Amino acid sequence: MRGAGQRVSVAGGRIASVHAALALTPDGGGEVRVLPEEGGVPVDPRPADAAEVAELERSASPRWVLADVAAMYPGLLRAGARLSRCHDVASTEALLLGAEGDAEGAAAVTAARAGAATSAVEPAPQPSLFDDEAAPPPEAPDAEGVGAAYADQLARLERLRERLPGLGLLVAAESASCLAAVEMTAVGVPWDADTHDRLLAELLGPRPSSASVRPAKLQALAEEAAAALDNPRVNLDSQVDLLRSLRRAGLPVTSTRRHELRRHDHPAVAPLVRYRELARLHAAHGWAWRDQWVRDGRFHPEYVPGGVVSGRWATRGGGALQIPKAVRAAVVAPPGRLLVVADAGQLEPRVLAALAHDPGMISATAEGDLYAALAREALGRPEARAEMKVALLSAMYGGGAGSPALAALRRRFPAALALLETAARTGEAGGSVHSVLGRTSPPRSPDWLSGLADAVAGARSRAYGRFTRNFVIQASAADWAAVLLATLRLSLADLRDRGFAELVFFQHDEVVVEVDTPLADAAVDAVRAAGATATRLVLGDTGVHVPLEARAVRSYADRP
DNA sequence: AGTCACAGCCAC
DNA sequence: AAACGTGGCTGTGACT
């Protein structure tokens, strides 16, 4: 247990004075062990249940050390024990293994977490903690084992501190994100079925009595497209069949992609493109989707914090990170409540400016519309905003190098562009890069290039360079978002004794908070403050400005 | 009856 | 105008 009571080294983070290892096993056993550091608290393991955890949370507010928040916290939460601070051994292990260069280990830990069958969604048949047979950790360690793992991780963090000074903050923020994800899955997003029905009916026609029947408007579009192709039997959902029919109808296309279809002036194009747009909505976010994912007026997706290599969140079901704009109007606050919707504008290029310490680009972040500012600064034409946006995104994604706007960017903001080029070259050479707080990109696997012709190997190397080029930005933006979430989550806990205040949605650079109407102003303030904290802690004193628009609305769609 | 790759498109 | 980064999800069609 050596070192178990050491403080987590967290620059600017909050530090609990008491650390408690919590181990709960699926067979009904459970124990809590307060780790030695401060006096007056028993250090021997003792049986624990949710009530006791909740009591300890009230009296001591420890930093709970859990083997795997995703597996253990849903049951605790259902039983009424809400934790405010924790150290998640599982997600921390993935971060540490990555930083230590153990790519296989890191990938295995992440894959195990992403595949774990947690189910905060299932209602507990009884208030017991331990009936969740779906999610026993592979080996449920006792509290002493969890404490030992914690001590080991703290020692490894300490060893990495000089090389990756932000990693302690990232560990804390990632752990908090894991708590937030479980809570968000449990509470769900308010989903108004009537509004959803109205949107679907307007676009598709009324809900058919059978799932195997196309809604009327969809059917009409399908018939119109088929008639224009002079082939009433064509299966529009079959790429093979559709491509054949298109070519027979005289359209020299090589794919059935929308952008290729739109190049041709043919009566089938418009109904076909519209059909596919609506067919996708019907299949992915229509009535069947709602039947599966919306219960009691709320959408309960399953989140996997850190499930993406870059540290972004993934989802395991429900498609929460791809809710189409067309149906967002169905996210409506229930009576007496409002949604506080906030998103960081142009987060990634602002992060780039900070990482590169590019003075010109940092100055430009003072403006709300960064792309317009860059167009003015680099091209002298604010109206070239769209061109500049494409050029900057290309620079961050590794896309087309030939545009005049990109050349202008390189002349005017050399430090920013050089950072991207360096990251790309590192990846092309097979090296790793890391985010601002120290999340490490997986190294290219050693045999990735073996046995390939030079040309193929070169293409693969460049592809890996595009990955690392983007990683430094995307992963650093994810760092920022994790600190935002961790900070906001604690602020909302302070609001909660005055009423309902919950994080209900998070997507890369935007959050939605649901609050009782009287708390809306306070929640808006909390979101803005959390954004400022994230910018200060993650991007330091670079002077970069990250605007976080936050507004209280009734519906998710009510925003600019 | 499952599994898989693919094409295509949704989100950031 | 498209391509380029990270994903999820759907239906098809080929496979076991």
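Order of the sequence lines sets the chain letters (A, B, ...), proteins ahead of strands, with each chain counted from 1. Being a predicted model, the structure only gives us computed values, none of them experimental. What's counted below: heavy atoms across the whole structure, side chains too, no hydrogens, waters or symmetry copies.
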- Query: With respect to the phosphate group of B:dC12, does any side-chain polar atom (N or O) of A:Lys325 fall under 4.0 Å of OP1 or OP2?
  - Reply: yes
- Task: For A:His285, answer base if it contacts any base atom (sugar-phosphate contacts may also be present), sugar-phosphate if it contacts only those atoms, and nothing otherwise; contact means non-hydrogen atoms under 4.0 Å.
- Result: nothing
- Given atom CG of A:Leu261 and atom C1' of C:dA2, what is their separation to the nearest angstrom? 15 Å
- Message: Restricting to side-chain contact (heavy atoms from CB on, under 4.5 Å), what partner residues turn up for A:Ser177, sequence neighbours left out?
- Response: A:Pro305, A:Trp313, A:Ala482, A:Leu485
- Would you say a side-chain N or O of A:Arg258 is under 4.0 Å from OP1 or OP2 of B:dC10? yes
- Message: Under a 3.5 Å cutoff, is there a donor and acceptor pairing between the side chains of A:Asp343 and A:Gln507?
- Response: no
- In whole angstrom, what separates A:Glu260's CD from C:dA3's C1'? 15 Å
- Check every strand shown and say whether A:Leu281 touches a base, only sugar-phosphate, or nothing at a heavy-atom separation below 4.0 Å. nothing
- A:Val308 side chain, from C-beta outward: closest of C:dT6, B:dA11, C:dA2: C:dT6
- Looking for any heavy atom pair under 4.0 Å, which part of the strands does A:Val309 touch: base, sugar-phosphate only, or nothing? sugar-phosphate
- Would you kindly give the OH-to-C1' distance between A:Tyr303 and C:dT6, to the nearest whole Å? 17 Å
- Message: If I take atom CD in residue A:Glu277 and atom P in nucleotide B:dA11, what distance separates them, rounded to the nearest angstrom?
- Response: 10 Å
- State whether A:Arg274 and A:Glu277 are salt-bridged, where the test is any N-O pair (Lys NZ or Arg NE/NH1/NH2 against Asp/Glu carboxylate O) under 4.0 Å. yes
Could you list the donor-acceptor pairs under 3.5 angstrom formed between side-chain atoms of residues 219-229 of chain A and any protein atom two or more places apart in sequence or on another chain?
residue	atom	partner	partner atom	Å
A:Gln219	OE1	A:Arg214	NH1	3.1
A:Gln219	NE2	A:Glu223	OE2	2.7

- Report the residue (A:Asn470 or A:Arg263) whose heavy-atom-nearest nucleotide on DNA chain C is the more 5′ of the two. A:Arg263
- Message: Donor-acceptor check, side chain of A:Asp241 to backbone of A:Asn235, threshold 3.5 angstrom: yes or no?
- Response: yes
- Query: Could you give the distance from CZ (A:Arg469) to CZ (A:Arg462), rounded to the nearest 0.5 Å?
  - Reply: 12.0 Å
- Query: Can you check the A:Glu348 CD to C:dG7 P distance for me, whole Å?
  - Reply: 13 Å
- Between A:Arg312 and C:dG7, is there a side-chain N or O to OP1/OP2 distance below 4.0 Å? no
- Task: Treat primed atoms plus P, OP1 and OP2 as sugar-phosphate and everything else as base, then score nucleotides 8-16 of chain C 5' to 3': B for base contact with protein heavy atoms under 4.0 Å, S for sugar-phosphate contact only, - for none.
- Result: BBSSSS---
- In whole angstroms, how far is the P atom of C:dC4 from the CG atom of A:Leu392? 18 Å
- Task: Quickly work out the A:Gln507 CD to C:dG7 P distance and round it to whole Å.
- Result: 15 Å
- Quick note, A:Thr256 side chain, CB onward, closest among B:dG8, C:dG7, C:dG5 is B:dG8
- Message: Does any part of the side chain of A:Leu199, heavy atoms only, come nearer than 4.5 Å to the side chain of A:Leu281, both counted from C-beta?
- Response: no
- Task: Have a look at A:Arg469 and say if it touches a base, only the backbone sugar-phosphate, or nothing, with a 4.0 Å heavy-atom cut-off.
- Result: nothing
- Message: Does A:Gln474 reach a base, just sugar-phosphate, or nothing at all? Heavy atoms under 4.0 Å.
- Response: base
